Amino acid sequence: MRISIDAEKGVPLAVQVRTVDGATALDVRFGTLSYAKPDAGTFRFAAPKGTEVTEAGADAFSAGPLSSALPERPAANDGGAAAIGEGWTTVLHGDAGADAAGALAKFAGRHVDGGTLVSTRIVNALVTDDGRIYLGAVTPETLQKAARN
C-alpha cells in the first residue's frame, strides 16, 4: 500500500494498493485540489419540486425504521460466521446451505477441488459443495486448506 500525503497540509492525496504479484488493486487520487474556502452555496440543499421533506434529529438514525429491519449479527456458536486465523491471514467461514452455494456456484466462479472459487485480486471466496463458505484476503490454497480442516 502506498499513501501520498501533502507535506504542508498533511492531507492524503492518493492511495494505491497492489497485490502480492504487483498488480494494481486500487488506485484513488485527486485530479485537482484546492485549499480555497468553498462558497457557502456549495452546501445549500434544495429539494426537487414535489418532494416531501421530513426533518429529524440525529437520534432518528439509530432507532429509525431501517434499524429494526436489519438482522442481528449471528453468534459464531449458532451457525453464524466465525473466523480462522488472525491479521492478514484471517479466513471468515459460515454456512449458506447447499442450495444457496449451488446457485452461487452456477452464477460465478470456477470449479476447484471441493467446491467453487470466486476470485478477485484482493479477496477470494470458496463455496464448498456442501454449502460452507470461506472468505479472505488470502490465496485460494489457504481457503481450501481451511475448508479441509
Side-chain angles (χ1 to χ4, degrees), residues 1-6 9-33 38 42-149:
M1 180 186 305
R2 178 181 290 174
I3 302 174
S4 301
I5 308 237
D6 180 307
K9 302 280 188 181
V11 175
L13 301 175
V15 175
Q16 290 180 322
V17 178
R18 297 194 180 265
T19 61
V20 176
D21 64 359
T24 300
L26 175 73
D27 190 351
V28 179
R29 62 187 64 235
F30 282 101
T32 60
L33 177 66
T42 302
F43 303 103
R44 221 171 283 128
F45 172 75
K49 288 185 179 186
T51 302
E52 180 181 336
V53 176
T54 304
E55 293 192 27
D59 60 333
F61 292 103
S62 61
L66 287 179
S67 64
S68 62
L70 297 174
E72 289 187 29
R73 183 177 178 182
N77 60 0
D78 68 358
I84 301 169
E86 58 186 64
W88 287 105
T89 62
T90 301
V91 173
L92 299 177
H93 68 96
D95 188 0
D99 291 341
L104 178 62
K106 288 179 184 176
F107 175 73
R110 63 181 170 89
H111 182 73
V112 295
D113 187 32
T116 300
L117 178 69
V118 178
S119 186
T120 71
R121 289 183 173 175
I122 298 176
V123 67
N124 291 303
L126 174 66
V127 182
T128 63
D129 295 332
D130 62 357
R132 293 173 292 137
I133 297 176
Y134 294 83
L135 174 76
V138 297
T139 64
E141 294 79 20
T142 300
L143 295 177
Q144 289 174 305
K145 182 179 178 183
R148 284 191 298 267
N149 292 336

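Fair warning: this is a prediction, and the values are worked out from it, not measured in the lab.
Using a distance-only test at 3.5 Å, with no hydrogens or angles considered, a donor-acceptor pair links the side chain of N124 to the main chain of V138.
Between L135 and A125, the shortest heavy-atom distance links the atoms CD1-CB, 3.7 Å. Residue L143 comes nearest to G136 through the heavy atom pair CD2-N, 4.1 Å, listed as atom of the first residue, atom of the second, then distance. Counting all heavy atoms, side chain and backbone alike, P12 lies closest to F30 at O-CE1, 3.5 Å. Taking every heavy atom of both residues into account, A83 and L92 meet most closely at CB-CD2, 4.0 Å. A pairwise comparison of heavy atoms in G131 and D95 identifies O-OD1, 3.2 Å as the closest pair. In terms of heavy-atom proximity, V123 sits nearest to T120 at O-OG1, 2.7 Å.
Within the model, atoms CG of L26 and CD of Q16 stand 9.0 Å from one another, a figure rounded to the nearest 0.5 Å. A distance of 7.0 Å separates NE2 of H111 from OG1 of T116, quoted to the nearest 0.5 Å. Separating the CG atom in L126 from the CD atom in E141 is a distance of 11.0 Å, to the nearest 0.5 Å. Between the CZ atom in R148 and the CG atom in D113 there is a gap of 7.0 Å [rounded to 0.5 Å].
Two residues are said to be in side-chain contact when any heavy atoms from C-beta on lie closer than 4.5 Å; Y134 and T142 fail this criterion.
Taking the side chain to side chain donor-acceptor pair (under 3.5 Å) definition, one finds that T51 meets it with nothing, sequence neighbours left out. Residues satisfying the side chain to side chain donor-acceptor pair (under 3.5 Å) criterion with D21, sequence neighbours excluded, are T19.
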